[in-house]
Protein chains: 2
Amino acid sequence: MTQVRQPGGARASGAHLVYVELKRRILDLELAPGERLHEPALTAELGVSRTPLREAVRRLIAENLLEQQPTGAVLVPRLDARDVVELYEVRASLEGLMAGTAARRATGADHDALHGLLARNEALVHFRDDAMAAGTAIHDRIGEIADNAWARHLHRQVTDQMRRYKLTTNSSEERRAAALSEHHDICAAIIAGDDVAAADLASRHVLGARDVAVRALGEPGPDAAAPGADAP
Amino acid sequence: MTQVRQPGGARASGAHLVYVELKRRILDLELAPGERLHEPALTAELGVSRTPLREAVRRLIAENLLEQQPTGAVLVPRLDARDVVELYEVRASLEGLMAGTAARRATGADHDALHGLLARNEALVHFRDDAMAAGTAIHDRIGEIADNAWARHLHRQVTDQMRRYKLTTNSSEERRAAALSEHHDICAAIIAGDDVAAADLASRHVLGARDVAVRALGEPGPDAAAPGADAP
DNA sequence: ACATCCGTACTTGTATACGAAGGGTCGGTC
DNA sequence: GACCGACCCTTCGTATACAAGTACGGATGT
């Protein structure tokens, strides 16, 4: 197997393809937390040799999406409710930073874009998944406006991790409405150029989601991932 | 070459040793920014085969301590003044988070420890390197008290990156005195349990260092690394 | 019956060999 | 003299072979 150029221009070596596939499986919980990775089995399944597989695994270890035991065994990290709280708080911190920076840097075009995204969020507030996507779009846009590559890089690490927990903090209509209202306030502060308020509102917005998530973890829902629970 | 147990218990495979050594060379600028890594040369120099070398390089790429061009060539990332600002701001955000959390969690023993570290910082304020180390010890302790593994993990990524820039923000006596004073205020807020003030003070403390660093970059000192400057 | 020791199978870590792509250089041609 | 093309060499990506350490099972002894 040789390396090929993707349409986007980024390289797509076998190792990179394996990395993308393994990462997807981990984040989608197709690889169960606590499960051990067996190189021979994966090489056969993915159709590559051990070398590219190992490179992908090494990268995932570096990203904390896999962990290596002292003996060398590699396994999928277990889910831990403690991580959820920590990740939310870090995310709140980074989003606060980005919102504040965005408030100082946003241009007229950015204001228009935020208005458009807010309108979209409002129109979709009754539809759980669409409202979620619209909210994420607002957050992403704020990150773009802030234009802090390192903040975005670390923020992406955090959100990737959180994806494993399948946290649906806006499953209820009220919660979605509250989130929308908070999005409104955050964007208003950014548009007004009030960086302190924007940072504060954005941070509190995420901490609010943290509280909802923590409560949801206390009373595990239908398909909620129960952190720390091991299937026998 | 086979893997051996380190005293600490962590494994020390050849790949890991190579990782540690390469990381050190990158952070100490022994590998010049912009320089290309040649696998054959490094394997000969480090006495390992390409396999463990490549694994170490992959991990460093994942940590943004190396970057890979579309052609496959791996090189040491160039220094960029823009990164300095971004890294300081992310660091300010994370240290603010940790200081705030520490204010809520600090115990009596933690208060004593902070008092001791402050006294040490004060005693060493006239000695640049020692004062720096004492200041870092305070920051580290706050991170321990906050006990947010993810915040500390990301914070470590940031500080590792910043090490490449050899930023000496406290070279002047006044700056060291100011930093000491700020450390006092931060610790006072933590001990008082005032999380909002602690977060704010810690964040501003780092942003102050950012401003000093930015000014220093404007007027490159004797051995200051000039970001973006390429030696011919 | 339980614990312990040992042997076997497996898994991981490392080295090396091979194929393909990129870059540089030399020569030819306009 | 400058530009273009073909060639070779280097370097990277991948596959495979080998060595060493680990884990599991069974046998054996107390």
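It should be emphasised that the depicted structure is a prediction, and the values quoted were computed from it without experimental measurement. Labels below follow one simple rule: chain letters A, B, ... track the order of the sequence lines, proteins then strands, and each chain is numbered from 1.
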>> Between C1' on dT11(D) and CG on L75(B), what's the gap in Å once rounded to a whole number?
In response: 14 Å

> Between dT11(D) atom P and L42(B) atom CG, what is the distance in whole Å?
Replying inline: 11 Å

> Quick one: is T71(A) getting a side-chain N or O under 4.0 Å of the dA23(D) phosphate, OP1 or OP2?
Replying inline: yes

> Is it true that atom CZ of R25(A) has more than 12 heavy atoms of other residues, nucleotides or ligands lying nearer than 6.0 Å?
Replying inline: yes

> Taking everything shown except R163(B) itself, do over 12 heavy atoms lie less than 6.0 Å from its CZ?
Replying inline: yes

>> Both H38(B) and T51(B) contact DNA chain D. Which one's nearest nucleotide lies toward the 5' end?
In response: H38(B)

> Quick one: R58(B) CZ to dG13(D) C1', roughly how many Å, whole number?
Replying inline: 8 Å

>> Just the rounded figure in Å: distance from C1' of dG13(D) to CD of E55(B).
In response: 14 Å

> Over how many whole Å does the gap from H16(A) atom NE2 to dC12(D) atom P extend?
Replying inline: 18 Å

>> If you only use heavy atoms from C-beta on, which nucleotide in dA15(D), dG13(D), dT14(C) is closest to the side chain of A15(B)?
In response: dT14(C)

> For L53(B), which contact category applies under a 4.0 Å heavy-atom criterion: base, sugar-phosphate, or nothing?
Replying inline: nothing

> In terms of the nearest nucleotide of DNA chain C, which residue is placed more toward the 5' end: A73(A) or R50(B)?
Replying inline: A73(A)

> Rounded to whole angstroms, how far apart are CZ on R59(B) and C1' on dG13(C)?
Replying inline: 16 Å

>> If you define the side chain from C-beta out and look only at heavy atoms, does anything of L167(A) sit under 4.5 Å from M162(A)?
In response: yes

> Between dG13(D), dT12(C), dT14(C), which nucleotide has the shortest distance from any of its atoms to the side chain of P52(B)?
Replying inline: dT14(C)

>> Taking 4.0 Å as the cut-off, does a side-chain nitrogen or oxygen of R54(A) come that near to OP1 or OP2 on dT16(D)?
In response: no

>> What is the distance, to the nearest angstrom, from the CD1 atom on I61(B) to the C1' atom on dG13(D)?
In response: 13 Å

> Is any side-chain N or O of Q68(B) closer than 4.0 Å to OP1 or OP2 of dG13(D)?
Replying inline: yes

> What's the CG-P distance between L37(B) and dT10(D), to the nearest Å?
Replying inline: 19 Å

> Of the nucleotides dT14(C), dT14(D), dG13(C), which has the atom closest to the E39(A) side chain?
Replying inline: dG13(C)

>> Check for me whether the distance between the ring centres of H155(A) and H139(A) falls short of 6.0 Å.
In response: no

> Does N64(B) offer a backbone N or O that forms a donor-acceptor pair with the side chain of Q161(B) under 3.5 Å?
Replying inline: yes

